[in-house]
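As structure tokens, the structure follows; a few thoughts come after it.
No experiment lies behind these values; they were computed from the predicted model shown.
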Amino acid sequence: MSFLEKQFGLKAQGTSLRTEALAGFTTFLTMAYIVIVNPTILGEAGMPVAAVAAATCLAAGIGCILMGLIANYPIALAPGMGLNAYFTYTVVIGMGVPWQTALGCVFLSGVAFLVLTVAGIRQLIVGAIPRPLFSAVAAGVGLFIAFIGLKEAGIIVANPATTVALGDLTKPTAVLAILGLLIIGALMVWRVKGAILIGILAVAVAGWFMGLTKIAPGGYSLAELSATAFKLDIPAALNLGGGKGGVAMAMTLAEIVFVFLFVDLFDNVGTLVAVTKKAGLVAPDGSIPRLNRILMADSVATIAGSMAGTSTVVSYIESASGVQAGGRTGLTAVIVGLLFLATLFFAPLVQAIPAAATAPALILVGAMMIGALKEVDWEEPGVAIPAFLTVITIPLTFSIANGLAFGITSYAALKLVRGQARPADWLLYLLAALFIARFIYLGQE
């Protein structure tokens with residue numbers, strides 16, 4: 001206890017080992033669904049599902065423990081929803097980038113984030129981006145995730161006449177997915193901890209009985225991790241030696257790294273503000289103490305995650321559930337990390353989870369992310385228009401990058417035509433100019 005008190009300052013924060021342990025377990029239950037959902041999404045990129053599951057647990061475990069020990073905050077980390085979808089559907093499937101190269105891009109974004117944090121450049125970037133776009137990006141990613149879930153469930157299908165249409169709701173996958181929506185929704189209404197995880201497992205059991213998934217006893221091992229561990233291709237991500245696509249590929253890879261970095265930065269800032277406010281850990285002037293340590297833990301976790309075989313690691317808003325249960329120090333995060341590492345030994349079993357079980361989780365996680373839009377001033381056109389363009393273009397173009405581009409460019413343009421441009425906004429206009437150049441480049445391909 002003396003070590004714990006010295007390391008985390010439990011008494012100073014008015015908490016105890018028992019309270020922190022309960023908070024850690026609560027946070028783990030609310031976000032453990034990522035061990036199932038993340039491998040499902042990255043598996044569509046051609047990555048071995050069992051290996052990604054193990055990598056997910058490892059990256060989350062490392063990230064949470066680092067957060068607790070370095071920054072002493074009750075904030076949990078794990079591969080981020082939205083960025084895993086961008087990794088699979090935009091980068092690997094949409095751009096045709098091999099998943100090994102995409103992991104290399106994740107690694108580079110982690111290194112860049114670490115450098116920016118140490119150098120203090122992060123403050124410039126955060127200060128240059130309009131706050132309403134933070135919320136718009138979060139909501140747009142939520143719609144993106146929900147759309148993917150609806151598609152995976154067979155509730156929404158492709159249609160040549162209308163682009164999308166309602167699927168056959170009598171098919172087993174759609175029926176199970178709707179059942180999952182009802183179960184998870186009901187559990188959430190009843191404030192049940194781990195509602196998403198319980199719902200996934202309940203639908204998975206039903207799917208097994210219906211023969212949608214078969215389990216091969218004895219076919220799983222922790223050694224599965226070797227299928228993705230250290231398989232990242234950093235030289236390809238740097239486009240060393242040119243290679244296929246030449247300058248065009250170099251620009252594409254640079255954009256991928258930028259999006260991983262950009263969204264990770266926004267995601268962390270939004271989560272940190274929300275969780276630290278709830279825990280009463282914000283300084284009187286509104287700043288977050290030890291912010292650089294928080295971001296450093298996140299960037300190191302992203303680097304470790306890419307080496308293990310998973311997409312970008314971010315702070316999780318589900319950490320608020322642990323704060324609600326009394327978590328006030330990094331001990332909460334350490335306990336979450338230890339629980340993820342314990343789950344590592346069972347992680348390969350997630351390849352037996354059918355898509356019908358994970359689709360409802362995607363849909364409802366997306367629904368919760370939409371709540372960020374309450375931070376947008378919809379009465380102000382100069383804010384509402386860029387926010388809307390950001391939100392709508394992310395899911396409809398299957399690209400977070402496009403949403404960011406539309407939002408930042410339109411925000412800068414509207415400020416310019418209203419005569420509100422200031423020298424202090426030079427970085428905003430530089431980003432807008434780069435995005436315009438990107439649009440011109442894409443139009444010439």
query: Taking side chain as C-beta onward, heavy atoms only, is Val157 less than 4.5 Å from Val164?
result: no

message: Tell me whether the rings of Phe28 and Phe340 are parallel (<30°), tilted (30 to 60°) or perpendicular (>60°).
response: perpendicular

message: Taking the six-membered ring for Trp, are Phe113 and Phe260 closer than 6.0 Å centroid to centroid?
response: no

Could you go through residues 425-433 and list every donor-acceptor pair under 3.5 Å that involves a side-chain atom there, pairing it with any protein atom two or more places apart or in another chain?
from	atom 1	to	atom 2	distance (Å)
Asp425	OD1	Arg422	NH2	3.2
Asp425	OD2	Lys415	NZ	3.0
Asp425	OD2	Arg422	NE	3.3

query: With side chains defined as the heavy atoms from C-beta onward, is the minimum distance between Ile41 and Met81 less than 4.5 Å?
result: yes

query: Are Trp378 and Phe388 close enough that some pair of their side-chain heavy atoms sits under 4.5 Å apart?
result: yes

task: Would you check, one step at a time, whether the test side chain to side chain contact (heavy atoms under 4.5 Å, CB included) holds for Met296 with Leu114?
output: CA-CA 6 Å; Met296 191 174 298; Leu114 181 60; 3.6 Å; yes

Minimum side-chain heavy-atom gap Leu77-Asp298 below 4.5 Å: yes

Min side-chain heavy-atom separation Ile156-Leu166 under 4.5 Å: no

Can you give each donor-acceptor pair under 3.5 Å made by side-chain atoms of residues 304-314, sequence neighbours left out, with the distance rounded to 0.1 Å?
from	atom 1	to	atom 2	distance (Å)
Ser306	OG	Ile303	O	2.7
Thr310	OG1	Asn38	ND2	2.9

message: Is any side-chain heavy atom of Ile256 closer than 4.5 Å to one of Met95?
response: yes

Single hit among Leu187, Leu29, Ile184 for side-chain contact (heavy atoms from CB on, under 4.5 Å) with Ile198: Leu187

Value rounded to 0.5 Å, distance of CD1 in Ile234 from CG in Leu232: 4.5 Å

- request: Would you indicate whether the side-chain heavy atoms of Thr397 and Phe406 approach each other to under 4.5 Å?
  value: no

- prompt: Going through the distances and angles, do Leu364 and Ile196 end up as a side chain to side chain contact (heavy atoms under 4.5 Å, CB included)?
  reply: CA-CA 9 Å; Leu364 293 181; Ile196 293 177; 5.7 Å; no

- prompt: Roughly how far apart are Leu416 CG and Tyr411 OH, rounded to 0.5 Å?
  reply: 13.0 Å

- request: Identify whether the distance between the nearest side-chain nitrogen and carboxylate oxygen of Lys151 and Glu44 falls below 4.0 Å.
  value: no

